[in-house]
There are 2 protein chains.
Amino acid sequence: MFQKSRVPLYLQVARLMRHKIENGDWPYGEQIPTLDELEREYKVSRITLRGALDQLEAVGIVKRTRGLGTFVAKDLSEQRWFKLASSMDELVRTVADLKIRLLPLQGDASQPLAPAFNFGLAGPAYERLRRVHYHNEEPYCLIEIHLDKKIFDSDPQGFSSAPVVPQLAARKDVKIAHAKQVMRITVSDEDTAAHLDIGVGDPIADVCRVFLDERMQIIYYAHIQYPAQMIQIETDLLRC
Amino acid sequence: MFQKSRVPLYLQVARLMRHKIENGDWPYGEQIPTLDELEREYKVSRITLRGALDQLEAVGIVKRTRGLGTFVAKDLSEQRWFKLASSMDELVRTVADLKIRLLPLQGDASQPLAPAFNFGLAGPAYERLRRVHYHNEEPYCLIEIHLDKKIFDSDPQGFSSAPVVPQLAARKDVKIAHAKQVMRITVSDEDTAAHLDIGVGDPIADVCRVFLDERMQIIYYAHIQYPAQMIQIETDLLRC
DNA sequence: CTCAATTTGTTCGTATGTATG
DNA sequence: ACATACATACGAACAAATTGA
C-alpha cells in the first residue's frame, strides 16, 4: 500500500493521521480508532503504529493513556492562518493584521539583485534586508527583501523594524505602478529549514514579489518562503 | 544538519540535488560536483550519496560514468507546466490548451455533495464524474466533479469525454454568476497517490472550485488534486 | 603505449533504525 | 518483549573506467 515511497512507513502513517485530524475526520478532543482497528485500516503492524503515534504525541497532537485510548489533543482544523494575497489592498491588510516579530539576519547589506523571473529593470542600488517573521512565537516565513536604496535611506529605522509593504503603500512619494508575484511549491534547503524550524526537504511555498515604478524600475523585490502547509489561496475567478 | 527530519538521509540529499537541477544551479548537460566534493558539501558518506544518486539516475535525471563523472541528463528547469488560473478566461484557455487524456474512474454516479467550504446552495441533483487527466502520458491531476444533473443530461456524451469547464463556458443557456476556488497544500492519501503515481504523503495542491448560477445555486463543484511540484501561481496585484 | 590523475563503483565491519508476527 | 529480517549510515580501503600528458 505504501511501496511507492521510501519514506519510513511510520512517518507516512503519521502524516495520514495528521491529515485526518486537520480535516476534522478525527475531531478535537475525541478518541481515535483503537490500535486493532488502525492495524486493519492501514495494514501495518502495531509497532509501526506506535512509531507514528510517538511522532504525533511528541508534538502534542494526540494524548495516549494506557487502558483508555488515544485522543486528539490539539485543534488543527483551523491551522491555516496564512492567506496569500491576490491584490495590493489585501496584501497590505494581511501584513498589517499579523502580529509579528522580526528577527533580522546578518548578511551583506548591498548585494546584486538577481530576480527569479524577468520583470522590470534593475535600479542603481538596493538595501538588502533578511529576516524571519514570527507569529505566536512560531516562525512563519523567511523573507529576503531588496529595497531601493533611496527609499530605504529616507527612513532606515522604520524599514528595519516593521514590515516594508504597508510603509511603501502608505507613502505619497512612492508610486507603485506594477506589482506582480509568482508562487511555486519547492523544498526547503538546509538554511531555510533551520530558520523555519522544519525538516530539510519539507515542502515550502516560494514567493517572489516585485514592485515597479512608472519607469518600470524595480523598487522592491522580495523572495519569501513559507512552510507549505500553512498556505491557503482563495481566488474569485470572475473578479474583473 | 539533517536531524530535524526522520526521512532517510539519502532521500533528503536527493531532494536537495533535484532542487539544484530545477533551479539551474547544476545546468542541463553539465557535470555535477564529484563525490569527494559532495561528501564535504553535505557532510554525508559516500554510501549515502550513492543512494541519493541512485534515486535520480533511476528516473533519468542524472547519468553516471565511472572515471568520468556524473552529469545532468534531463532539463528540469522548465518543468513547471501548470499555471493555476486566476480568472475564468485563463481557466478556459489553460484547460483547452492542454492535450489531455481522460481516465474515467468508477464511482457512485450520484452522491451527496459536501463542499469543502461554504459558498452557494446545493441543487437538487448532481452527476458525479471522477477522472484522471493526463498530459504527455503522465498523470497530472485527479479530479472529482459534481455537475448539475440537468446540465449533464443535456449532453452526457460531451461532458463524459472532455473537460467540463470549456463546455460550460461556451454554453449560452448556462450563466455562471459566481466562480470561486480555494487552494491548499496537503499530503496525498493512498488513493490519490496511486492515481497520480506519487508517494503516499507527498505534497499535493488541493483545489476546490465552485460555480454558481444567478440564484446562488451550485451548478459545478470540483475537487482537484495536483502534485504540488508542478504548480505555479502568478498574480498581478494591481489587476483591478 | 604507458602512466598518473581523476572519478565513480564496490566491499568490509559496525552500529542503528525500521518493520513483521 | 522476543526473534528475525532488512534498510540506512558511517569511514576507510580498494577496484575499475576514463582522460590527457
Side-chain angles (χ1 to χ4, degrees), chain A residues 1-18 32-59 61-62 64-67 70 187 189-190 193 199-202, chain B residues 1-18 20-21 25-74 187 189-190 193 198-202:
Chain A
M1 190 185 219
F2 294 91
Q3 307 84 336
K4 178 86 191 171
S5 165
R6 299 228 187 158
V7 172
L9 201 41
Y10 72 98
L11 288 179
Q12 298 184 48
V13 173
R15 280 197 272 212
L16 290 184
M17 289 174 166
R18 192 190 167 111
I32 71 171
T34 65
L35 287 179
D36 286 328
E37 291 170 312
L38 292 171
E39 274 190 36
R40 282 192 297 277
E41 177 173 352
Y42 292 119
K43 311 266 198 289
V44 298
S45 76
R46 218 172 183 78
I47 294 208
T48 305
L49 291 172
R50 184 167 68 84
L53 291 169
D54 282 348
Q55 295 283 309
L56 297 179
E57 192 166 41
V59 291
I61 293 177
V62 301
R64 291 183 288 188
T65 312
R66 192 188 296 222
T70 302
V187 294
D189 59 19
E190 308 93 316
V200 172
D202 284 355
Chain B
M1 190 186 220
F2 293 90
Q3 306 83 339
K4 178 85 193 169
S5 166
R6 300 229 187 153
V7 172
L9 201 42
Y10 72 97
L11 290 180
Q12 297 185 49
V13 173
R15 281 197 270 211
L16 289 184
M17 290 174 164
R18 193 190 166 112
K20 286 219 159 145
I21 293 169
D25 295 341
W26 292 349
Y28 173 56
E30 295 198 11
Q31 184 179 10
I32 73 172
T34 66
L35 290 178
D36 288 325
E37 290 171 311
L38 292 171
E39 276 189 31
R40 283 192 296 276
E41 177 173 352
Y42 293 120
K43 310 266 201 291
V44 298
S45 76
R46 215 179 186 73
I47 295 209
T48 305
L49 291 172
R50 183 165 68 85
L53 290 168
D54 281 348
Q55 295 282 310
L56 297 178
E57 192 166 43
V59 290
I61 293 177
V62 301
K63 174 89 175 70
R64 292 184 287 187
T65 313
R66 187 188 298 209
L68 191 57
T70 303
F71 296 80
V72 180
K74 204 183 257 186
V187 294
D189 59 19
E190 308 92 318
I198 59 179
V200 172
D202 285 355

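Side-chain atoms are counted along with the backbone in the values below, which use heavy atoms only and exclude waters and symmetry mates.
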- Item | Rounded distance (Å) that lies between atom C1' of D:dC6 and atom CZ of A:Arg6 | 12 Å
Give me the distances for all protein-to-nucleotides 16-21 of chain D N/O pairs that come in under 3.5 Å?
from   : atom 1 : to      : atom 2 : distance (Å)
D:dA16 : O4'    : B:Arg66 : NH1    : 2.5

- chain A footprint on DNA chain C, 5' to 3' - any atom under 4.0 Å from a heavy atom: C:dT18 to C:dG21
- Message: Could you tell me how far apart B:Asp36 (CG) and D:dC14 (P) are, to the nearest whole angstrom?
- Response: 16 Å
- Non-hydrogen side-chain atoms of B:Val200 and A:Ser5 separated by less than 4.5 Å: no
- Any side-chain heavy-atom pair of A:Ile32 and A:Arg64 under 4.5 Å: no
- Separation of D:dA7 P from A:Leu9 CG (nearest whole Å): 14 Å
- Task: Determine the contact category for B:Thr34: base if any of its heavy atoms lies under 4.0 Å from a base atom, sugar-phosphate if only primed atoms, P, OP1 or OP2 are that close, otherwise nothing.
- Result: sugar-phosphate
- Task: Report, as yes or no, whether the 6.0 Å neighbourhood of atom CZ on B:Arg6 holds more than 12 heavy atoms from other residues, nucleotides or ligands.
- Result: no
- Task: Decide yes or no for A:Val62 and A:Met17: does some side-chain heavy atom of the first lie under 4.5 Å from some side-chain heavy atom of the second?
- Result: no
- Query: Within a strict 4.5 Å, meaning less than it, do heavy atoms of the B:Val187 and A:Arg18 side chains meet?
  - Reply: no
- Pair assignment for D:dA1, Watson-Crick or G-U wobble, requiring both distances under 3.5 Å: none
- Going by heavy atoms in the side chains, are B:Val44 and B:Leu49 under 4.5 Å from each other? yes
- Note on the structure: Judged by nearest nucleotide, the residue sitting upstream toward the 5' end of DNA chain D, B:Arg46 or B:Leu49, is B:Leu49
- Note on the structure: To the nearest angstrom, the CG-C1' distance between B:Asp54 and D:dT8 comes to 13 Å
- Query: If you round to the nearest 0.5 Å, how far is CD of B:Gln55 from CG of B:Leu11?
  - Reply: 5.0 Å
- Rounded to the nearest 0.5 Å, what's the gap from CG on B:Leu35 to CD on B:Glu41? Could you check? 12.0 Å
- Report which part of the nucleic acid A:Ile47 touches: base, sugar-phosphate, or nothing (heavy-atom distance under 4.0 Å, all strands). base
- Message: Looking at A:Asp202 and B:Lys4, is any side-chain nitrogen of the basic one under 4.0 Å from a carboxylate oxygen of the acidic one?
- Response: no
